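This report concerns only the one structure given below.
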Number of protein chains: 2
Amino acid sequence: MTGADSFFDAPADTREEIMRATYLALCEHGYAGLTIQRIADEFEKSKSLIYHHYDGKDELLLAFLEFMLDRFEEEVPEDAEEDPADHLRIVFEHPLATPLPDERREFGKAMVELRAQAAHDDRYRDHFTRSDRVFRERVADVVADGIEAGIFAEVDPDATATLLMTTVTGAMTCRATSGEADVAALREELERYVETCLETRV
Amino acid sequence: MTGADSFFDAPADTREEIMRATYLALCEHGYAGLTIQRIADEFEKSKSLIYHHYDGKDELLLAFLEFMLDRFEEEVPEDAEEDPADHLRIVFEHPLATPLPDERREFGKAMVELRAQAAHDDRYRDHFTRSDRVFRERVADVVADGIEAGIFAEVDPDATATLLMTTVTGAMTCRATSGEADVAALREELERYVETCLETRV
């Protein structure tokens, strides 16, 4: 759930430069090892500029999470050109890609650490609530499009979207925290779910 | 994934008393707020006894996780009396119970924090790898039993078990970290998955 690549090559302004430095520092050190100094190490301008914009590590990370989610909302078109069944597969095939490049794997670990902050910090909880809602509503819209187009059976779009949102979150969690994550088997079974539980038999 | 209730009423020895105190302190303070002192506050004997057995907070928590998993393995029978379809439903209905009692909700948050430690601490990663494997193998056995009994179609037990393990992990994660978790919708869709993707139509 990141459309993170393009702005890293050419950040448009100081804010994007700070976001880029935050991303790189998160990939290298994770949340537990992150400090403003380590973000500053990835930043080409003065560290004081970071403090000018953000009061501390968590304020910066919360701004980073919002920035990434805004980019996701902008970059992923609501009405894709693909048919709804293909569109739905993209939803789970992107986070379940194998093999995962090192940088995305390390970023995935950091995201699991950031999400865990939501267990005791309402600011993080508010973010992940919004993030889950964006993801779930997008998927529900695709399912509803598929029903309208006669490609999917008359299922409950919210229930389907909830299952996919929950499973993708679980896959990202297991992948970052366990040697037992079998994303190939999971993709296979999700594919079977789409074919058997959603698509109308022709 | 806890059969935690019984020993809390009557811990059998010092080790179980320490485990009980750890559980209560985790429910009250979460991982982030946990200290040996706060575990000692829930322990009726001397704090030095905790240090005698465990070198620090993480050593104690890792022993606690193993203790809970061992209990789960002992208490949940491999061959349940229910038929495989009912047995499978129990797998996701227990973690997706609503409403969740306060203590289980707080413990669920602490478990998400503990799992996130696995992103950068191999000792936690080893534990959650074993924990996921136990869960997945149990579910795969139930699915295989169902196929043998002619109740389930000829599906891949490992792929089915992977989907259920991943989804349950995702549900516990979302529930602890987001206001967007809709466990009722998720239960409904998992029920539909079992009926449509697993059970043979009679």
Side-chain angles (χ1 to χ4, degrees), chain A residues 29-33 108-121 124-133 135-136 155-156 158-174 176-190 192-193 195-197, chain B residues 29-33 108-121 124-133 135-136 155-156 158-174 176-190 192-193 195-197:
Chain A
H29 305 290
Y31 174 81
K109 288 182 180 181
M111 285 298 288
V112 166
E113 293 182 285
L114 288 172
R115 191 184 259 271
Q117 303 311 307
H120 61 263
D121 187 326
Y124 282 96
R125 186 177 177 85
D126 289 346
H127 168 79
F128 284 101
T129 297
R130 182 165 96 79
S131 163
D132 285 352
R133 186 177 304 136
F135 186 89
R136 191 159 81 140
V155 301
D156 176 348
D158 282 332
T160 302
T162 298
L163 177 69
L164 286 174
M165 179 197 84
T166 308
T167 306
V168 166
T169 302
M172 295 192 296
T173 302
C174 288
T177 60
S178 157
E180 192 67 6
D182 183 345
V183 289
L186 182 62
R187 271 208 313 271
E188 174 198 319
E189 190 64 5
L190 282 174
R192 207 168 71 80
Y193 164 76
E195 281 174 18
T196 311
C197 284
Chain B
H29 305 289
Y31 174 81
K109 289 182 179 182
M111 285 299 287
V112 165
E113 293 182 285
L114 289 173
R115 192 184 259 272
Q117 304 310 309
H120 61 263
D121 187 327
Y124 283 95
R125 186 177 177 86
D126 288 346
H127 168 78
F128 284 101
T129 297
R130 181 164 95 81
S131 162
D132 286 352
R133 184 178 304 136
F135 187 89
R136 190 159 82 140
V155 301
D156 176 348
D158 281 332
T160 302
T162 298
L163 177 69
L164 286 174
M165 179 196 85
T166 308
T167 306
V168 166
T169 301
M172 294 193 297
T173 302
C174 289
T177 60
S178 157
E180 192 68 6
D182 183 345
V183 289
L186 182 62
R187 270 208 314 271
E188 176 197 318
E189 191 64 6
L190 283 174
R192 207 169 71 80
Y193 164 77
E195 282 174 16
T196 311
C197 284

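Please read these numbers as outputs of a predicted model, since none were measured by experiment. Labels below follow one simple rule: chain letters A, B, ... track the order of the sequence lines, proteins then strands, and each chain is numbered from 1. Only heavy atoms go into these numbers, but all of them, side chains included; no hydrogens, no water, no symmetry mates.
- In this structure, B:D132 CG and A:D182 CG are separated by 11.5 Å, a value rounded to the nearest 0.5 Å.
- No other option in A:T160, A:V183, A:V112, A:D156 has as many heavy-atom pairs under 4.5 Å with chain B as A:T160.
- A distance of 14.0 Å separates OG1 in A:T196 from CD in B:E195, rounded to the nearest 0.5 Å.
- Heavy atoms only, all atoms of each residue included: B:A176 and A:R125 are closest at O-NH1, 3.4 Å.
- Taking chain A as the reference chain and counting heavy-atom pairs below 4.5 Å, the highest number among B:R136, B:R130, B:Q117 is found for B:R136.
- Separating the CG atom in A:L164 from the OG1 atom in B:T167 is a distance of 9.0 Å, to the nearest 0.5 Å.
- Proximity to chain B (any heavy atom under 4.5 Å) is restricted, for A:E188, to the side chain, taken from C-beta onward.
- There is no contact between B:L114 and chain A, counting heavy-atom distances below 4.5 Å.
- Heavy atoms only, all atoms of each residue included: A:A159 and B:A185 are closest at CB-O, 3.9 Å.
- With chain A as partner, the option from B:V155, B:D126, B:L186 having the largest number of non-hydrogen pairs under 4.5 angstrom is B:L186.
- When the salt bridge (charged side-chain N to carboxylate O under 4.0 Å, His left out) test is applied to B:R192, the partners found at least two apart in sequence or on another chain are B:E189.
- Put simply, OG1 on A:T162 and CZ on B:R187 are 12.5 Å apart, with the number rounded to the nearest 0.5 Å.
- In terms of heavy-atom proximity, B:C174 sits nearest to A:R115 at CA-NH1, 4.1 Å.
- Residues A:E113 and B:A119 come closest through the heavy atom pair CG-CB, 3.9 Å.
- For the set B:S178, B:A184, B:A118, B:G170, the entry with the most heavy-atom pairs within less than 4.5 Å of chain A is B:S178.
- In this structure, OG1 on B:T169 lies 13.0 Å from CE on A:M172, to the nearest 0.5 angstrom.
- With sequence neighbours excluded, the residues that form a side chain to side chain donor-acceptor pair (under 3.5 Å) with B:R133 are A:E180.
- For the residue pair A:H120 and B:A32, the shortest heavy atom distance occurs at CE1-CB, 3.5 Å.
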